[in-house]
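For reference, positions follow the sequence shown, starting with 1.
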Amino acid sequence: PMGSCHDEHGVLHTVERVDDAARLAAISAAVASQPVLIADGHHRYAISRTFRDEVRAAHGTETGAELTLTYVAELVAEQLSIDAIHRLYHGVSAEHLAAVLHTSFSLSEAGPVTPAFATEMSQRGALCLVRPDGTGQWLTPRPEVFRRVRALDGAYLEHALRDHDIEVSYQHGVQHVVDRVVAGVADAGVLIRPTGIEEIRRTADERLLMPPKSTFFTPKLRTGLVLRPLD
């Protein structure tokens with residue numbers, strides 16, 4: 001082991017240098033036995049390739065820039081948790097946003113928004129608009145509107161708001177969204193459902209990209225344990 005730390009949840013993160021030839025071969029064989037897809041961080045991967053090309057042009061191919069640091073996990077529900085990254089909207093009232101979304105979603109009252117909505121949205125097949133008083137409205141997608149749109153809540157919202165210039169930011173955690181809207185940090189929020197593993201796999205197989213901030217994966221490695229100099 002080269003270093004370790006505990007995060008705020010008490011989880012131990014350990015960095016270990018692996019140099020045993022047999023172990024390296026076993027790891028390589030395990031990873032190579034199945035297709036590997038980029039389920040998160042495709043923008044970081046794209047930047048790493050751009051950096052590699054810049055270094056190649058200046059110094060050739062015998063540098064560390066030929067390698068990209070990667071965390072490989074099994075794409076199975078037992079080993080991976082996928083949470084949603086919700087939307088915060090700015091510069092538009094919740095009432096106006098509801099009026100815009102009404103052409104693409106059926107709206108109904110949801111009452112006070114609680115963390116339990118994360119589960120209830122999946123059961124209902126609906127998103128949820130969060131208002132400044134902490135109450136919500138269910139947003140049930142109209143099938144005829146999204147017939148040609150990928151079955152992703154992020155894609156649904158992009159399609160529904162495509163003709164409207166509305167500032168959006170991103171936040172995970174239902175209660176965090178409610179708190180920010182109630183505090184006036186954002187004018188409204190929309191809670192979305194997590195992306196399923198099969199949709200992630202299909203997106204990769206078809207060489208497509210997810211809409212921005214579609215997934216929040218856990219477990220996550222502790223940031224900062226591995227630093228790589230760029231010079």
Side-chain angles (χ1 to χ4, degrees), residues 7-9 11 37-47 71 73 75 77 79-92 94 97-98 100-101 104-105 110 113-132 134 136-141 146 149-162 164-204 208-223:
D7 63 22
E8 65 273 19
H9 303 294
V11 177
L37 60 89
I38 300 176
D40 190 23
H42 55 77
H43 49 297
R44 300 185 192 93
Y45 178 67
I47 289 298
Y71 170 56
L75 192 62
Q79 298 293 329
L80 192 66
S81 175
I82 307 171
D83 295 327
I85 303 182
H86 308 295
R87 275 50 177 165
L88 293 172
Y89 293 98
H90 311 267
V92 58
L97 185 60
V100 171
L101 294 174
S104 302
F105 299 87
V113 179
T114 71
F117 276 40
T119 299
E120 190 167 351
M121 285 192 299
S122 295
Q123 295 171 343
R124 286 177 170 268
L127 296 69
C128 183
L129 172 68
V130 180
R131 297 177 292 206
Q137 286 180 292
W138 298 119
L139 303 172
T140 304
F146 299 112
V149 180
R150 293 163 61 199
L152 293 166
D153 286 355
Y156 289 165
L157 288 172
E158 283 189 348
H159 183 77
L161 300 174
R162 65 192 183 282
H164 302 270
D165 186 17
I166 301 175
E167 181 184 352
V168 60
S169 60
Y170 305 94
Q171 175 66 56
H172 58 82
V174 171
Q175 192 59 50
H176 291 314
V177 172
V178 174
D179 291 345
R180 280 159 175 72
V181 175
V182 171
V185 176
D187 296 299
V190 174
L191 306 176
I192 68 174
R193 297 164 292 176
T195 303
I197 285 178
E198 289 308 312
E199 182 60 31
I200 293 171
R201 191 186 303 278
R202 186 186 72 81
T203 297
L208 301 173
L209 296 179
M210 290 283 184
K213 302 293 184 181
S214 294
T215 54
F216 183 78
F217 287 89
T218 55
K220 284 189 178 295
L221 303 180
R222 192 64 173 174
T223 300

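Under a 3.5 Å cut-off, the side chain of R162 and the backbone N or O of H159 do form a donor-acceptor pair. Not one N or O on the side chain of H86 forms a donor-acceptor pair closer than 3.5 Å with the backbone of H172.
Between atom CD1 of residue I85 and atom CG of residue L191 there is a gap of 13.0 Å, rounded to the nearest 0.5 Å. The distance from atom CZ of R150 to atom OG1 of T203, rounded to the nearest 0.5 Å, is 4.0 Å. The CD atom of E199 lies 4.5 Å from the CG atom of L152; values are rounded to the nearest 0.5 Å. Annotation: the span from R131 atom CZ to D187 atom CG amounts to 14.5 Å, rounded to 0.5 Å. Here I200 contributes atom CD1 and I38 contributes atom CD1; the two are 13.0 Å apart, rounded to the nearest 0.5 Å.
Between P194 and S81, the closest side-chain pair of non-hydrogen atoms is not below 4.5 Å. The shortest side-chain heavy-atom distance between L101 and L157 falls under the 4.5 Å cut-off.
Of all the heavy atoms in P141 and L127, the pair that sits closest is CG-CD1, 4.1 Å. Taking all atoms of both residues into account, the shortest heavy-atom contact from I192 to A84 is O-CB, 3.2 Å. Looking at every heavy atom in both residues, R87 comes nearest to G154 through NH2-CA, 3.9 Å. Residues R201 and L75 come closest through the heavy atom pair NH2-O, 3.4 Å. The minimum heavy-atom distance between V181 and G189, with the atom names listed, is CG2-N, 3.7 Å. The heavy-atom pair separating V92 from L97 by the smallest distance is CG2-N, 4.0 Å.
Each of M121, R124, Q123 was checked for a side-chain contact (heavy atoms from CB on, under 4.5 Å) with R193, and the lone residue meeting it is M121.
A salt bridge is absent between R222 and D7; no separation between the charged side-chain nitrogens and carboxylate oxygens falls under 4.0 Å.
Ring orientation note: the planes of F105 and Y156 are nearly perpendicular, at an angle over 60° on the 30°/60° scale.
Dense packing is recorded around OH of Y170, with more than 12 heavy atoms of other residues, nucleotides or ligands lying under 6.0 Å away.
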